[in-house]
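Please read the structure below before turning to the comments.
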Amino acid sequence: MTLELRKRVFELLASRPDERFKARDIAKWICEHYPLEAAEKLETSASVTNQTQLLNQLVAEIGANRPGWEQRYPELRTTEGVRPRLYYWTAKSEAAEVEEAERAGKAPQSELEDPKIREHDLYPMLVDFLLSEQGIRAERIDERRSSNTSGSGGNKWLFPDVVGIEDLTAGLNSEVVSAIRESRDKRLRLWSFEVKMLVNRSNVRETYFQAVSNSSWANLGYLVAAEIEGVNTLKELRILYAMHGIGLIKLDVTNPPESQILIPARERLDLEWAMCSRLADENKDFRSFIKRVRQFFQTGDL
């Protein structure tokens, strides 16, 4: 009785659509539900001698077969960017998944059947991660607080979701800080972040270029995603990074300090002050942010 790995994996995933599983969870399910097939695989293998090794072998085989399975079976999806990878089965198109995630992410909590993470919830998580792990003081930019003097569509892809200030003199000797101030050497970096609930193959280019547009003024720009899914999504993001320099952060919504910078942004040495002026003219939050920048240059305090 040969273990038909693909058949068993798909049997579990298809029977519980949209539910996500680690490869090890799938391997355990196979061993529990098909003990005779698992025992035969263990008995006939020259290198696998116990149950733990069998589970490890199944996990390795699932991972090795994943790229081919995803190419042949569009219903099979996996998360990207962090380990362990999660596997799931869905009849939804990737575009429909994005639409559903964004709709849930923007809906008032009272309208949701089940409590879910909303896009609004991601902003403080990102702010906490940036401060605790990167030493960056960040704040929300609410595009609804914009004057929109350019008319309909004039502010499209203009404002980032979150901006941050990095003090490059933090921790330095006070005399060194004074010397840097007098020399007018670089004392800070400004960061820009575009936040998304889900990035997959259907929206990867649109979301990336939104981050490119929204971050054109800053030293460092990032696309931030709560979920990254689909074969070749990360590959496409790395190709786009090579051309445009916008980085990628995978936001861990269950433990924000464990979020990861998957692709470090490429630094622009100079700020685009003309664009900063445009943003400050249009948006109260960004104007307040620039006041903090001015205060830092004047006093060294954030």
Side-chain angles (χ1 to χ4, degrees), residues 1-98 100-101 116-117 196-204 225-239 248-255 258-263:
M1 183 180 294
T2 303
L3 174 59
E4 299 181 59
L5 184 62
R6 179 187 61 79
K7 181 178 180 180
R8 299 311 179 204
V9 170
F10 287 13
E11 179 184 346
L12 169 61
L13 298 180
S15 68
R16 296 160 71 173
D18 297 313
E19 189 172 345
R20 301 183 179 204
F21 298 87
K22 302 173 186 176
R24 185 163 297 276
D25 295 331
I26 298 172
K28 289 179 179 178
W29 182 89
I30 291 172
C31 291
E32 291 171 0
H33 287 76
Y34 294 94
L36 295 180
E37 294 181 16
E40 181 181 356
K41 185 175 180 66
L42 180 60
E43 184 178 339
T44 57
S45 174
S47 58
V48 176
T49 61
N50 57 53
Q51 190 71 14
T52 298
Q53 291 178 349
L54 175 61
L55 286 174
N56 291 339
Q57 179 65 28
L58 290 174
V59 169
E61 291 180 11
I62 291 170
N65 282 282
R66 175 194 59 81
W69 289 346
E70 283 192 281
Q71 293 287 354
R72 293 173 58 193
Y73 303 96
E75 298 88 356
L76 175 65
R77 308 279 170 79
T78 60
T79 59
E80 296 287 325
V82 295
R83 296 292 186 270
R85 187 188 304 274
L86 300 178
Y87 295 71
Y88 68 103
W89 190 272
T90 184
K92 302 169 188 171
S93 68
E94 291 182 317
E97 284 192 285
V98 170
E100 182 180 281
K116 294 181 179 178
I117 295 294
K196 295 295 179 185
M197 294 289 296
L198 170 65
V199 175
N200 64 19
R201 289 173 296 185
S202 74
N203 72 341
V204 59
E227 292 287 349
I228 305 169
E229 296 173 357
V231 63
N232 292 330
T233 300
L234 271 178
K235 179 180 179 181
E236 181 71 12
L237 287 166
R238 290 190 176 102
I239 291 172
L248 175 67
I249 294 175
K250 171 62 176 67
L251 190 63
D252 188 331
V253 298
T254 60
N255 189 7
E258 294 298 316
S259 301
Q260 297 180 43
I261 296 179
L262 299 182
I263 304 176

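Counting from 1, the numbers follow the sequence of the chain as shown. Worth saying up front: this structure is predicted, and the values here are computed from it rather than measured.
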Exercise for review: Would you check if the side chain of Arg85 reaches a backbone N or O of Thr79 as a donor-acceptor pair within less than 3.5 Å?
Suggested key: yes
Check your understanding: CD/Glu75 to OG1/Thr90 distance, rounded to the nearest 0.5 angstrom?
Key -> 9.0 Å
Review point. At what distance, to the nearest 0.5 angstrom, does CG of Asn232 lie from CG of Leu237?
Key: 11.0 Å
**Study point:** Side-chain donor-acceptor contact under 3.5 Å, Gln53 with Gln57
**Key:** no
Exercise for review: Would you confirm whether Asn203, through its side chain, and Leu198, through its main-chain N or O, come within 3.5 Å as a donor-acceptor pair?
Suggested key: yes
Point to revise | Distance in Å, Tyr34 OH paired with Glu4 CD, rounded so as to fall on 0.5 Å steps | key: 10.0 Å
Check your understanding: Side chains of Arg8 and Glu37: closer than 4.5 Å at any heavy-atom pair?
Key -> yes
Revision key, fill the gap. CD1 of Ile62 to NZ of Lys22, rounded to nearest 0.5 Å, is 13.5 Å
Review point. When rounded to the nearest 0.5 angstrom, what is the spacing between CD1 in Ile26 and CG in Leu12?
Key: 6.0 Å
Exercise for review: Indicate yes or no for a side-chain donor-acceptor contact from Thr44 to the backbone of Glu40 under 3.5 Å, with no hydrogens or angles considered.
Suggested key: yes
Revision key, fill the gap. Minimal heavy-atom distance between Leu76 and Tyr87, with the atoms involved, is CD1-CD2, 4.4 Å
Practice item. Carefully, step by step, assess Trp89 and Tyr73 under the rule ring-ring contact (aromatic ring centres under 6.0 Å, His included). Key: CA-CA 10 Å; Trp89 190 272; Tyr73 303 96; 7.1 Å; no
Practice item. State, to 0.1 Å, how close Glu19 and Tyr88 come at their nearest heavy-atom pair, and which atoms those are. Key: O-CB, 3.3 Å
Revision key, fill the gap. When rounded to the nearest 0.5 Å, the distance separating CZ of Arg238 from NZ of Lys235 is 11.0 Å
Exercise for review: Indicate the atoms forming the closest heavy-atom contact of Leu55 with Cys31, along with that distance.
Suggested key: CD2-SG, 3.9 Å
Practice item. Keeping the roles fixed (side chain from Lys250, backbone from Ala226), state whether a donor-acceptor pair exists under 3.5 Å. Key: yes
Review point. Quick one: does Ser259's side chain have a donor or acceptor within less than 3.5 Å of a partner on Asp252's backbone?
Key: yes
Check your understanding: Is the closest basic N to carboxylate O distance between Glu229 and Arg77 below 4.0 Å?
Key -> no
Review point. For Ala38 and Leu54, which heavy atoms make the closest approach, and how far apart are they?
Key: O-CD2, 3.6 Å
Study note, to complete from the structure: Nearest heavy-atom contact between Ile228 and Ala225 is CG1-CB, 3.8 Å
Practice item. Give the C-alpha distance, both sets of side-chain angles, the deciding distance and a yes or no for side chain to side chain donor-acceptor pair (under 3.5 Å) between Thr78 and Glu70. Key: CA-CA 8 Å; Thr78 60; Glu70 283 192 281; 3.0 Å; yes
Review point. Step by step, would you call Val48 with Asn56 a side chain to side chain contact (heavy atoms under 4.5 Å, CB included)?
Key: CA-CA 9 Å; Val48 176; Asn56 291 339; over 6 Å; no
Revision key, fill the gap. Salt bridge (charged side-chain N to carboxylate O under 4.0 Å, His left out) test vs Arg201 passes for just one of Glu80, Glu94, Glu236, Glu97, namely Glu94
Check your understanding: Of the non-hydrogen atoms in Pro17 and Ala14, which two are nearest, and what is the gap between them?
Key -> CD-O, 3.5 Å
